[in-house]
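Position 1 is the first residue of the sequence; numbering continues from there.
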Amino acid sequence: MSTEQKLITTPVTADFLRGHLDVEETAHGLLPHRLPAWARRRIPDDRLAVAEAQPSGVRLAFRTSATTIRLDALPTKRVHRGFPPPPDGVYDLLVDGRLTSQATVAGGNLHTITDMRTQTAEFTPGPAGTAHFTDLPTGGKDIQIWLPHAEITEVIALRTDAPVEPAPVTGRRVWLHHGSSISHGSNAVFPSTIWPALAASAGDVELINLGFGGSALVDPFTARAMRDTRADLISLKLGINVVNGDTMRLRAFAPAVHGFLDTIREGHPTIPLLLVSPILCPTHENTPGPLMPDLSSGTLTFKATGDPAETAAGRLTLTIVRDVLADIVRQRSIEDPNLHYLDGLDLYGESDHDEFPLPDAIHPSPEGHRRIGENFAKLVFADDGPFAIPTG
């Protein structure tokens with residue numbers, strides 16, 4: 001009997017998944033979502049619809065003694081017309097919390113962006129494939145398979161040489177995080193090394209990552225989804241998308257953030273809530289958006305196209321946003337002692353930028369992700385940090 005004939009097929013059901021808010025049954029299997037169905041009906045554009053369906057931070061969690069594991073999946077790969085396709089998304093397999101094996105899935109659907117400015121796209125269906133993991137350690141073990149953070153993934157079935165069962169609830173604290181493409185994982189290579197995943201590992205917490213590329217826009221439906229999600233710790237990293245999308249002026253931004261916080265506090269009145277301002281981004285420190293792609297160097301970078309003089313009329317820059325967010329926390333923390341502020345420059349500032357520049361002028365490199373994750377863990381999960389484990 002061949003190895004394939006000996007493998008046990010187990011359909012992937014929702015109890016195998018972690019880090020999602022919803023699942024959708026498709027013709028192939030299960031599609032994890034990071035926003036619930038009611039919120040998805042309020043999404044105004046394709047950019048957020050794609051981003052929330054990309055499973056950043058979503059992982060399968062199960063127990064098994066298998067040494068061979070195959071995951072059947074159907075990816076949807078996002079490509080830009082006129083540019084080389086990105087490499088296939090990586091599936092990270094962790095054994096008892098340690099990265100042990102990696103794989104990719106060839107083929108799949110194509111979501112081709114035909115116009116970067118309007119995000120107009122074409123969809124081309126393709127075949128499902130398989131991520132292969134072999135020569136794993138013997139004996140019983142806890143397995144996590146982190147799905148590609150920037151590749152929509154329908155999970156179909158596990159095929160293994162020993163039975164599998166969903167992992168039990170860990171009892172660790174649940175950290176619910178919302179942010180932009182940096183939190184989503186842009187420019188990170190592996191799904192378990194985006195900065196929120198690294199920080200969650202260091203803090204020994206269960207991550208639910210609502211980092212949405214281009215779409216941390218203080219949307220009320222995102223606040224409601226967070227309000228209704230069970231969590232022990234919540235963080236919000238706001239500002240960069242509001243600036244680079246040029247979506248708000250100062251008069252609208254501050255009340256919108258207040259409203260976002262009000263909504264979250266309806267469901268989580270006393271848990272630690274951390275408001276994080278943008279990391280250093282010289283492109284937008286003192287220049288408003290909108291942000292536009294720049295191909296003049298032959299590679300894709302970005303540039304700000306706003307006029308700094310118009311900040312007097314309320315247009316936003318990162319410098320202004322940091323002041324606004326810090327002031328909001330100062331105001332509210334008088335009555336809300338569990339609300340905290342973290343300056344994004346303490347996560348990634350001038351010295352970090354000197355060491356690990358932003359490759360495309362907006363998003364950190366893989367080394368930058370590691371630096372941000374390390375700094376977040378050091379500042380936030382430390383014994384004197386806002387997410388410290390309570391004593392007494």
Participant: How is the hydrophobic cluster of Val79 composed, in terms of its other members, when Ile, Leu, Val, Met, Phe, Trp and Tyr link through side-chain heavy atoms under 4.5 Å apart, directly or indirectly?
Facilitator: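 Hydrophobic cluster check, Val79: joined to Leu110.
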
Participant: Can you list everything that forms a side chain to side chain contact (heavy atoms under 4.5 Å, CB included) with Asp72? Sequence neighbours excluded, please.
Facilitator: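 Testing Asp72 for side chain to side chain contact (heavy atoms under 4.5 Å, CB included), a comparison that skips the adjacent residues, returns Thr130, Ile156, Ala157, Arg159.
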
Participant: Measure the CD1-OG distance between Ile194 and Ser181 for me, rounded to the nearest 0.5 Å.
Facilitator: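 That separation rounds to 11.5 Å.
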
Participant: So how far is it from Thr317 OG1 to Asn286 CG, rounded to the nearest 0.5 Å?
Facilitator: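 It comes to 5.5 Å.
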
Participant: To the nearest 0.5 Å, how far apart are CD in Gln144 and CG in Leu94?
Facilitator: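 Answer rounded to 0.5 Å: 6.0 Å.
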
Participant: With sequence neighbours excluded, give me every ring pair (Phe, Tyr, Trp, His ring centres under 6.0 Å) pair touching residues 238-285.
Facilitator: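 Applying ring pair (Phe, Tyr, Trp, His ring centres under 6.0 Å) to every pair that reaches into residues 238-285, excluding sequence neighbours, yields His178-Phe260.
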
Participant: Can you give the donor-acceptor pairs under 3.5 Å from side chains of residues 54-65 to other protein atoms, not counting sequence neighbours?
Facilitator:
residue, atom, partner, partner atom, Å
Gln54, OE1, His184, NE2, 3.1
Gln54, NE2, Ala150, O, 3.2
Ser56, OG, His184, O, 2.7
Ser56, OG, Asn209, ND2, 2.8
Arg59, NH1, Gly57, O, 2.7
Arg59, NH1, Leu207, O, 2.7
Arg59, NH2, Glu206, OE1, 2.8
Arg59, NH2, Leu207, O, 3.3
Arg63, NE, Asp142, OD1, 2.9
Thr64, OG1, Ala66, N, 3.0
Thr64, OG1, Pro163, O, 2.8

Participant: Please confirm whether the backbone N or O of Gly344 pairs with a side-chain atom of Ser277, one donor and one acceptor, at under 3.5 Å?
Facilitator: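 Yes.
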
Participant: To the nearest 0.5 Å, what is the distance between OG1 (Thr301) and NE2 (His363)?
Facilitator: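 Those atoms lie 12.0 Å apart.
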
Participant: Sequence neighbours left out, what pairs pass ring pair (Phe, Tyr, Trp, His ring centres under 6.0 Å) with at least one residue falling in residues 14-49?
Facilitator: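 Every candidate ring pair (Phe, Tyr, Trp, His ring centres under 6.0 Å) pair involving residues 14-49 fails, so no pair, neighbours aside, qualifies.
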
Participant: Are any of the side-chain heavy atoms of Ser180 and Phe212 separated by less than 4.5 Å?
Facilitator: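 Answer no - side chains too far apart.
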
Participant: Would you indicate whether the side-chain heavy atoms of Glu374 and Leu198 approach each other to under 4.5 Å?
Facilitator: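 In short, these two side chains do not touch, never coming nearer than 4.5 Å.
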
Participant: Going from CG on Leu325 to CD1 on Ile328, what distance comes out if it is rounded to the nearest 0.5 angstrom?
Facilitator: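 Reported value, rounded in 0.5 Å steps: 5.5 Å.
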
Participant: Less than 4.5 Å apart, any side-chain heavy atom of Ser101 and any of Leu136?
Facilitator: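 Yes, their side chains come closer than 4.5 Å.
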
Participant: Applying ring pair (Phe, Tyr, Trp, His ring centres under 6.0 Å) as the test, list every pair that has at least one member in residues 135-159; sequence neighbours left out.
Facilitator: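 Qualifying pairs, neighbours excluded: none.
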
Participant: Holding to side chain to side chain donor-acceptor pair (under 3.5 Å), I want the full list of residues that pass it with Asp92, two or more places apart in sequence or in another chain.
Facilitator: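 With sequence neighbours excluded, Asp92 shows a side chain to side chain donor-acceptor pair (under 3.5 Å) to Gln102, Ser192, given in chain and number order.
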
Participant: Give a yes or no answer on whether the side chain of Thr153 reaches the backbone of Pro75 with a donor-acceptor pair at less than 3.5 Å.
Facilitator: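 No.
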
Participant: For residues 214-227, please give each side-chain donor-acceptor pair under 3.5 Å, one per line with the distance, not counting sequence neighbours.
Facilitator:
residue, atom, partner, partner atom, Å
Ser215, OG, Gly213, O, 3.3
Arg227, NH1, Glu266, OE1, 3.1

Participant: Going by the rule side chain to side chain donor-acceptor pair (under 3.5 Å), which residues pair with Thr263 if we only count those two or more places apart in sequence or in a different chain?
Facilitator: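 Listed in chain order: nothing, the list is empty.
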
Participant: With rounding to the nearest 0.5 Å, note down the distance linking CD1 in Ile279 to CD1 in Ile372.
Facilitator: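 Nearest 0.5 Å value for the CD1-CD1 distance: 4.0 Å.
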
Participant: Give the C-alpha distance, both sets of side-chain angles, the deciding distance and a yes or no for side chain to side chain donor-acceptor pair (under 3.5 Å) between Asp161 and Thr67.
Facilitator: CA-CA 7 Å; Asp161 59 358; Thr67 59; 2.9 Å; yes

Participant: For Met292 and Asp294: C-alpha separation, side-chain torsions, deciding distance, then whether side chain to side chain contact (heavy atoms under 4.5 Å, CB included) applies.
Facilitator: CA-CA 6 Å; Met292 292 295 175; Asp294 182 3; over 6 Å; no

Participant: Looking at Arg315 and Gly289, would you say the former's side chain and the latter's main chain have a donor-acceptor pair under 3.5 Å?
Facilitator: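 Checked: pair present.
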
Participant: For Leu291 and Ile362, what are the C-alpha separation, side-chain angles and deciding distance, and is it a side chain to side chain contact (heavy atoms under 4.5 Å, CB included)?
Facilitator: CA-CA 10 Å; Leu291 187 73; Ile362 293 293; 3.8 Å; yes

Participant: Side chains of Thr112 and Glu122: any donor to acceptor distance under 3.5 Å?
Facilitator: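 The answer is no; no qualifying pair exists.
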
Participant: I'd like to know if Asp232 and Arg230 make a salt bridge, using a cut-off of under 4.0 Å between side-chain N and carboxylate O.
Facilitator: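 Yes, this pair counts.
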
Participant: Tell me, which pairs form a ring pair (Phe, Tyr, Trp, His ring centres under 6.0 Å) where one or both residues lie in residues 333-356, sequence neighbours left out?
Facilitator: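 Sorted result for residues 333-356: empty, none.
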
Participant: State which residues pass side chain to side chain donor-acceptor pair (under 3.5 Å) with Arg370; sequence neighbours excluded, sorted by chain then number.
Facilitator: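 Side chain to side chain donor-acceptor pair (under 3.5 Å) check on Arg370 returns nothing, list empty.
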
Participant: Asp336: which residues meet the side chain to side chain donor-acceptor pair (under 3.5 Å) condition with it, sequence neighbours left out?
Facilitator: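 For Asp336, the residues satisfying side chain to side chain donor-acceptor pair (under 3.5 Å) (neighbours in sequence not counted) are Arg265.
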
Participant: Is it true that a side-chain atom of Asp352 and a backbone atom of Gly349 form a donor plus acceptor pair closer than 3.5 Å?
Facilitator: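 Indeed, once roles are kept as given, a pair shorter than 3.5 Å links the two residues.
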
Participant: Can you tell which of Asp46, Thr124, Thr76 makes a side-chain hydrogen bond (donor to acceptor under 3.5 Å, both in side chains) with His111?
Facilitator: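 Single side-chain hydrogen bond (donor to acceptor under 3.5 Å, both in side chains) partner of His111 among Asp46, Thr124, Thr76: Asp46.
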
Participant: If only atom types and distance count, is the side chain of Asp45 paired as donor or acceptor with the main-chain N or O of Leu48 below 3.5 Å?
Facilitator: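 It does hold such a pair.
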
